[in-house]
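FYI, side chains are in, hydrogens and waters are out, and symmetry mates aren't considered; it's all heavy atoms of this structure. The sequence lines fix the lettering, A, B, ..., with proteins before strands; numbering per chain opens at 1. Owing to the predicted nature of the structure, the values given are computational and were not obtained by experimental measurement.
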2 protein chains.
Amino acid sequence: MSDILTRLPIAQPDAPVQAAHDRVYRGLRQQVMHGELPPGHALTLRGIGKTFGVSMTPAREAVRRLSAEGALSISASGRVTTPELSNDRIEELAQIRALLEPELGSRALRRAHLALIDRMDAINEANARAVNLQDPIGYIRTNLEFHRTLYLRAQSPAILGLLETVWLQLGPTMRVLYTRLRRTTPPPHHRHMLEALRAGDDAALRLAIRTDVTQGLKHLQA
Amino acid sequence: MSDILTRLPIAQPDAPVQAAHDRVYRGLRQQVMHGELPPGHALTLRGIGKTFGVSMTPAREAVRRLSAEGALSISASGRVTTPELSNDRIEELAQIRALLEPELGSRALRRAHLALIDRMDAINEANARAVNLQDPIGYIRTNLEFHRTLYLRAQSPAILGLLETVWLQLGPTMRVLYTRLRRTTPPPHHRHMLEALRAGDDAALRLAIRTDVTQGLKHLQA
DNA sequence: CATGGCAAACTGTGATCACATTTTGCCTGC
DNA sequence: GCAGGCAAAATGTGATCACAGTTTGCCATG
């Protein structure tokens with residue numbers, strides 16, 4: 001049961017032929033978003049190419065695309081690393097999440113049905129298991145999947161797309177955050193979100209989401 | 001051919017050495033954001049390269065970066081065009097502006113001073129002149145500059161960066177909008193924004209910005 | 001006049017290469 | 001022991017090329 005949940009959330013039903021640069025892009029993107037790479041981790045085009053079995057050209061395109069989304073930083077001399085965020089930038093990104101995510105939740109609420117809430121419940125349990133296992137990557141993955149499952153219902157691809165780039169930028173930082181504080185209990189506000197969803201309470205849902213988003217990142221401010 | 005001539009490195013005393021792909025990126029980005037290209041306009045890598053005097057490689061990188069920001073669309077077969085937005089997507093992007101821009105305005109308000117307001121006033125007059133001249137590109141440019149001048153004061157680069165990608169996506173569409181409705185009066189809410197700024201009234205500023213952003217794009221909904 | 005098809009032109013993709021710059025690591029001299 | 005410097009290795013950049021897929025334009029056919 002949990003095997004399904006640990007799989008990639010975005011499963012393309014019909015994946016025709018993936019261009020090489022797209023395979024590289026997706027692979028790197030998942031590594032960054034799920035916090036598999038620490039902040040400041042260095043990458044090389046030749047190394048990426050070797051990992052994915054392609055030449056430098058597709059690796060460069062994937063890197064260029066990811067750096068445009070803020071998932072990777074490129075130094076003045078062109079070297080590629082995962083970003084190291086300042087506290088100010090983390091605060092800004094948290095603020096963006098606090099603005100966009102309640103809106104997405106509200107839009108999803110109008111279209112939500114019981115099966116959706118049940119699915120979120122299951123993901124939340126997988127999230128709790130990741131907490132018990134002290135598995136930061138699993139924690140980040142299930143946490144994002146919990147939110148994304150709800151927001152997909154909002155039918156607002158532009159907003160969700162923008163939000164995912166924010167998640168991307170926070171990926172390496174969240175890894176540090178969740179490895180450092182070794183939490184022992186799952187995020188309490190996921191329960192509040194589920195309750196508000198069942199009750200159809202828009203204001204309560206917005207508040208629960210905003211609190212969940214804001215609180216998690218507060219702990220990082222050193 | 002004059003191929004050799006276009007490839008000769010020309011010594012530029014003042015200009016810092018700018019990577020070729022970055023020059024191409026900036027050039028295309030400005031064309032898109034200022035509405036110099038209509039929605040659906042086709043571009044080719046070889047054509048872009050020729051325009052900027054570079055080979056396909058930097059052109060491809062610039063295009064890849066811009067498509068990651070939503071400034072360009074890439075078809076299934078890899079063809080590059082400016083995006084043609086659906087009404088739903090326009091509504092979403094307007095909603096994002098309505099969420100982010102009041103926040104940026106509010107942050108800027110705390111740091112605003114008289115010289116800033118004067119500068120915005122001057123830009124607004126240039127905007128009015130563009131209206132009189134029926135110059136859509138000038139109108140879009142000065143309109144964005146008006147907003148950006150304010151938001152730069154917010155000292156929130158992450159939020160502003162995200163917002164600029166939204167502007168980018170709306171560029172070609174705004175061109176259509178403003179050429180179609182041939183407005184004869186400048187946007188009235190710019191005045192309200194300036195008044196709220198002078199009064200230091202946060203709530204009034206947020207409302208003025210939200211209205212300005214929302215109203216402009218309402219006219220496009222067919 | 002409309003339609004189908006086919007060849008030519010066009011276009012994006014990925015590999016490879018030469019080159020300039022940066023980074024690394026070692027070794028000398030103090 | 002510690003800088004400083006220098007050569008070697010590593011790295012990103014941009015040009016070029018072959019290739020496959022797509023689009024275009026023209027002509028024959030009905």
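One can place NE2 of A/His21 at 5 Å from P of C/dT13, the figure rounded to the nearest angstrom. For A/Ile74 and D/dT13, the CD1 to C1' distance is 12 Å, given to the nearest whole Å. Atoms CG (A/Asp22) and C1' (C/dG14) sit 14 Å apart, rounded to a whole Å. Look at CG on A/Leu45: it is 17 Å from P on C/dC17, rounded to the nearest Å. Rounded to whole Å, atom P of C/dG14 lies 16 Å from atom OH of A/Tyr25. Spacing between atom CE of A/Met56 and atom C1' of C/dT13 amounts to 16 Å, rounded to whole angstrom units.
With values rounded to the nearest 0.5 angstrom, B/Ile137 atom CD1 is found 9.0 Å from B/Gln31 atom CD. For the atom pair CD1 of B/Ile96 and CG of B/Leu162, the computed distance is 7.5 Å after rounding to the nearest 0.5 Å.
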Practice task
Output, in order, the C-alpha distance, side-chain angles, deciding distance and verdict of side-chain contact (heavy atoms from CB on, under 4.5 Å) for A/Val63 and A/Ile74.
Solution key: CA-CA 9 Å; A/Val63 163; A/Ile74 299 188; 4.2 Å; yes
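Annotation: ring-ring contact (aromatic ring centres under 6.0 Å, His included) contacts of B/Phe52 (sequence neighbours excluded): none. Taking the ring-ring contact (aromatic ring centres under 6.0 Å, His included) definition, one finds that B/His147 meets it with B/Tyr151, B/His190, sequence neighbours left out.
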Practice task
Would you give a per-nucleotide map of nucleotides 19-25 of chain D, 5' to 3', where B means the base has a protein non-hydrogen atom under 4.0 Å away, S means only the sugar-phosphate does, and - means neither?
Solution key: --BSS--
Fill in the blank from the handout: In B/S/- notation (B base, S sugar-phosphate only, - none; protein heavy atoms under 4.0 Å), nucleotides 4-9 of chain D written 5' to 3' is ------
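Using a 4.0 Å heavy-atom distance criterion, B/Ile48 is classed as making no nucleic acid contact.
Under the 4.0 Å criterion applied to side-chain N and carboxylate O atoms, B/Arg65 and B/Glu61 are not assigned as salt-bridge partners.
Of the possible donor and acceptor atoms, none in the side chain of B/Thr214 sits under 3.5 Å from a partner among the backbone N and O of B/Thr211. No side-chain donor-acceptor contact under 3.5 Å links A/Arg107 to the backbone of A/Ala154. Although no hydrogens or angles enter the test, the distance criterion places no donor-acceptor pair under 3.5 Å between the side chain of B/Glu69 and the main chain of B/Thr165. Between the side chain of B/Glu92 and the backbone N or O of A/Ile159 there is at least one donor-acceptor pair closer than 3.5 Å. A donor-acceptor pair is defined here as one N or O able to donate and one able to accept, closer than 3.5 Å; no such pair exists between the side chain of B/Thr82 and the backbone of B/Leu72. A donor-acceptor pair under 3.5 Å links the side-chain atoms of B/Thr51 to the main chain of B/Gly47, judged by distance alone.
With hydrogens and angles left out, the side-chain atoms of B/Thr149 and B/Arg119 include no donor and acceptor closer than 3.5 Å.
One axis for each end of the helix from C/dC1-D/dG30 to C/dC30-D/dG1, each built from five base pairs, and the angle between them comes to 10° at 10° resolution.
Contact of the A/Arg46 side chain with the A/Met56 side chain is registered, since non-hydrogen atoms from C-beta on lie closer than 4.5 Å.
Checking D/dT16, C/dG14, C/dA15 against every side-chain atom of A/Ala19, the shortest atom distance belongs to C/dG14.
In terms of position on DNA chain C, the residue among A/Ser55 and B/Val80 whose nearest nucleotide sits closer to the 5' end is B/Val80.
For residues 57-72 of chain B, proximity to DNA chain C is found at B/Arg60, B/Arg64, defined as any non-hydrogen atom under 4.0 angstrom from a strand atom.
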